[in-house]
*Asks:* 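There's a structure below that I have some questions on.
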Amino acid sequence: MSAKHVPYRIHLSEKELPESWYNLRADLPDLSPYLNPKTKEPVALDDMKAIFPVSLLEQELSTERFIEIPEEVRELYRSFRPAPLCRAYNLEKLLDTPARIYYKYEGNNPSGSHKLNSAIPQAYYNHKAGIKRLATETGAGQWGTALAVATQLFGMECTVYMVKVSAMQKPYRKLIMETYGANVFASPSNLTQSGRNILEKDPDYMGSLGLAISEAVEDAATHEDTNYALGSVLNHVVLHQTIIGLEAIKQMEKVDEYPDIVVACCGGGSNFGGLAFPFLHDKIRNGKKTEILAVEPAACPTLTKGRFAFDYGDVAHFTPIMEMYTLGHDFMPPGIHAGGLRYHGASSLVSRAYRDGLIGARSVHQTDVFKAAIQFAKSELILPAPESAHAIRTAIDEALKCKETGESKSILFCLSGHGNFDLTAYEEYLSGNLVDVEYPDELLEKGYETLPVI
Ligand SMILES: *Cc1c(COP(=O)(O)O)cnc(C)c1O
């Protein structure tokens, strides 16, 4: 039990901003190498130079435990970090739980989510390497927004392939990206061969994250001055996000706390890894007993029902083959509203930690998720992103368990972003039209059949 009075918001000063990111790879030896999608041999750094700067590739493959954050990046971080750690007193009261609930709020920047934590260093390293333009995909729109914001800080151009269904559902997201200077195209587009191939077969295709990735990678690979940037999944992205957990540890220390349970939603795994990996470091090296939970939608159950296998990161087989939990790279997301959680795979670091039993995973249904989102919005006064609300659901479930057992556990979750641009989803929930979607078992089998033979 904490002896100190805990304020609603626990701040760190600018000076206390972490100086390094934490690299879980140092503590998870024997990670399988990425494989070249054509030869299926381990990729060499050179294979990926066409679309990534060497500095980021070195981070991708590094086994160094702490990697220094460049001062230029820390300077830009300072305009929105350290991010507050909040004690959810009002939610605790509403639930009448003895649990102590904390959340790390990452929505307080122009992208509205944690994604800016990686967009800034990615733009920085590409700019340093002389790259003029970054191409990327966006599903829900948060990553495209973050990269649009970050590229203009360095005077770079930004091209965003936005999954068509999201572009239609979220016109304001497209406008924000354009306001920050990005060129946004609905994917499938006719700008790339991957897009044209799909459009020929099905002109009404509504797009998927896997296809938008193919379009952005193709764009980068076919233009000398252009690189590709990914908003999740890859090691260097999760590395940049560890600033979330590193700050949270310092903030909890200030009030003599350490979480019993750490929770985050998991799409590609970057906000989850970002919050959880520094705590996992304590668990692996310092014997902490923290329960660490990744939460995903029942409609896209990558960790809870997927297979740990080698798979491509995209539809067109441009990306390296990675060992991860996957539903198969042709995965077609059922209609769910957590756009950022619709990816077929998960970070290989998150996947490996899960396979090794270091973390747990839960899947939750979207009506339960929105119920939790609204409880949270009404008590804590922040409208959460539908993705983040998956973490809220599980945090509430754990707090309600404490109510039954009388245990006073300390629960920390990641509020990865706000939902101010996700009101279509809220509208559907409030009007009673949102239904629960379970990913059908027959599709699981079909997905496994598409896995490459290694
Ligand atoms: C993109 C996004 C996610 C999911 O991506 P991860 O890489 O799994 O973190 C979760 N929450 C928000 C707010 C997002 O924008």
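First listed ligand is number 1; within each ligand, the first listed atom is number 1.
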*Asks:* Going through the distances and angles, do Tyr312 and His344 end up as a ring pair (Phe, Tyr, Trp, His ring centres under 6.0 Å)?
*Replies:* CA-CA 10 Å; Tyr312 301 96; His344 68 272; 9.3 Å; no

*Asks:* So with a 6.0 Å cut-off around CD of Glu16, is the heavy-atom count from everything else above 12?
*Replies:* yes

*Asks:* Under a 4.5 Å cut-off applied to non-hydrogen side-chain atoms, are Glu137 and Val160 in contact?
*Replies:* no

*Asks:* Using a 4.0 Å cut-off on heavy atoms, what residues surround ligand 1? Order them by chain and number.
*Replies:* Ser113, His114, Lys115, Gln142, Ser232, Cys265, Cys266, Gly267, Gly268, Gly269, Ser270, Asn271, Gly340, Leu341, Ala385, Glu387, Ser388, Ser416, Gly417

*Asks:* Can you tell if the side chain of Phe277 reaches within under 4.5 Å of the side chain of Asp282, non-hydrogen atoms only?
*Replies:* no

*Asks:* Indicate whether any N or O donor in one side chain lies under 3.5 Å from an N or O acceptor in the other, for Ser20 and Glu68.
*Replies:* no

*Asks:* In chain order, what residues pass the side chain to side chain contact (heavy atoms under 4.5 Å, CB included) check against Ser79, with sequence neighbours excluded?
*Replies:* none

